[in-house]
Chemist: 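I am attaching a structure below and will ask some questions about it afterwards.
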Amino acid sequence: MKAVNSMKAVLCKAFGPPESLVLEEIDSPRPGKGQVLIDVHSAGLNFPDVLQIAGKYQAQPPFPFVPGSEVGGIVAEVGEHVTGLKPGDRVMALAGNGAMAERVVTDADAVDRIPESMSFDVAAALGIAYGTSYHALKQRAQLQKGETLLVLGASGGVGLAAVEIGKAFGARVIAAASTDEKLEVARRHGADVLLNYTTGTLKDQVKELTGGKGADVIFDPVGGDLFDQATRSINWNGRILIIGFASGTIPKFPVNLALLKGCQIVGVFWGAFRKHEPQAFRENCAALFDLFRDGRIKPLISQAFPLERFADALNVFVKRQAVGKIVLRVRS
Ligand SMILES: NC(=O)c1ccc[n+]([C@@H]2O[C@H](COP(=O)([O-])OP(=O)(O)OC[C@H]3O[C@@H](n4cnc5c(N)ncnc54)[C@H](OP(=O)(O)O)[C@@H]3O)[C@@H](O)[C@H]2O)c1
């Protein structure tokens, strides 16, 4: 019989592809002061997990580390000085690392109790994608009702979240993606107009869809050539949100374009926002819970894998096949 003080965990011992990770039995962590031990039911996966295990991410924990930062689960134990949480609470947590395991320890201020109606899968899927997109559209772009929002990579984790949140903010949303199947998903999640960027030029298509004006806000998690094209389809006073570089290429921006278009290039770094502006971060989390309760955001879990299939799950991102969110079901 398995000892309660040990657990299964996916370990990264050296940089490499998903296949280089190993599943091992290790000591279960214990919560220190101000910390909480959570029994992980679902772990949410994100593109940055693939970057981190490959050594291509801005934050790199020392080896060996357990990847994965999003958790839906049940509080198993609380450390000293923890208030407001107790064993048995159903929670979501943004753990930083450690989610791809049967248990994780994290700071209590990274843990929120979840509504009864929220599944563990959704709890593990809401934090990063929806948190990033909400922050991007609310604080960074200050998206206004009636404005046109162009979302690139619109069926991916952050992209689909941006489509739903953009609609909730009252924008007209143009969803752009590489296949008609992916676009159909964006349509089902509220996109007003669909744009396949593998057919025709993005700039011409956006201009046509906006009566020649261009988009007021562009949400770009892709980078590369697509960014170059998108910047040419921005409206006067527009905001171009730099979310990420899933294409693998960090583009360069000719600053004379900012002058000519009267536009802003706006960086979005949700992890840093959480540290620098904790009050606004908490307000965003509360607003996302409200949107979920009102049925105005409906996180799509397109695939769920058992813990043992961690490599297959992460390879969905590598193969450009992620639609909505991918989770590991650690306890079924
Ligand atoms: N700034 C922040 O705070 C923050 C927070 C979270 C994530 N991010 C970044 O946002 C990006 C997306 O993350 P995600 O978790 O939403 O990923 P995802 O679900 O895999 O979505 C990425 C999208 O990018 C597009 N894409 C284009 N070229 C690609 C390629 N070569 N490989 C994979 N996808 C490609 C795909 O759409 P099409 O096939 O339709 O082109 C895909 O839907 C990542 O760069 C991530 O690091 C940033």
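All ligand and atom numbering here is 1-based and tracks the order in the structure. The structure presented is a predicted model; accordingly, all values stated were derived computationally and were not measured.
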Chemist: Under a 4.0 angstrom heavy-atom cut-off, which atoms of ligand 1 come close to Gly153?
Modeler: 37 (O)
Chemist: Under 4.0 Å from ligand 1, counting heavy atoms only, is it the side chain of Phe245, its backbone, both or neither?
Modeler: backbone
Chemist: Kindly confirm or rule out an N or O of Leu51 lying under 3.5 angstrom from an N or O of ligand 1.
Modeler: no
Chemist: Run down the list Thr132, Val268, Asp49, Val316 and name the one with the heavy atom closest to atom 4 (C) of ligand 1.
Modeler: Thr132
Chemist: Check this for me - ligand 1, Arg320, N or O atoms closer than 3.5 angstrom, yes or no?
Modeler: yes
Chemist: Going by distance only, is there an N or O of Trp270 that falls short of 3.5 Å from an N or O of ligand 1?
Modeler: yes
Chemist: May I ask whether Ala129 has any heavy atom positioned less than 4.0 angstrom from an atom of ligand 1?
Modeler: no
Chemist: Using 30° and 60° as the class limits, which term best fits the ring planes of Phe273 and His135: parallel, tilted or perpendicular?
Modeler: parallel
Chemist: Check if Phe273 has a non-hydrogen atom at a distance under 4.0 Å from any atom of ligand 1.
Modeler: no
Chemist: Based purely on interatomic distance, does Tyr57 place a nitrogen or oxygen under 3.5 Å from a nitrogen or oxygen of ligand 1?
Modeler: no
Chemist: Below a 4.0 angstrom heavy-atom separation, can you tell me which part of Ile128, side chain or backbone, both or neither, approaches ligand 1?
Modeler: side chain
Chemist: Identify whether NZ of Lys or CZ of Arg in Arg329 sits under 6.0 Å from the centre of the six-membered ring of Phe305 and within 45° of that ring's axis.
Modeler: no
Chemist: Just heavy atoms, cut-off under 4.0 Å: does Val158 contact ligand 1 by side chain, backbone, both, or neither?
Modeler: both
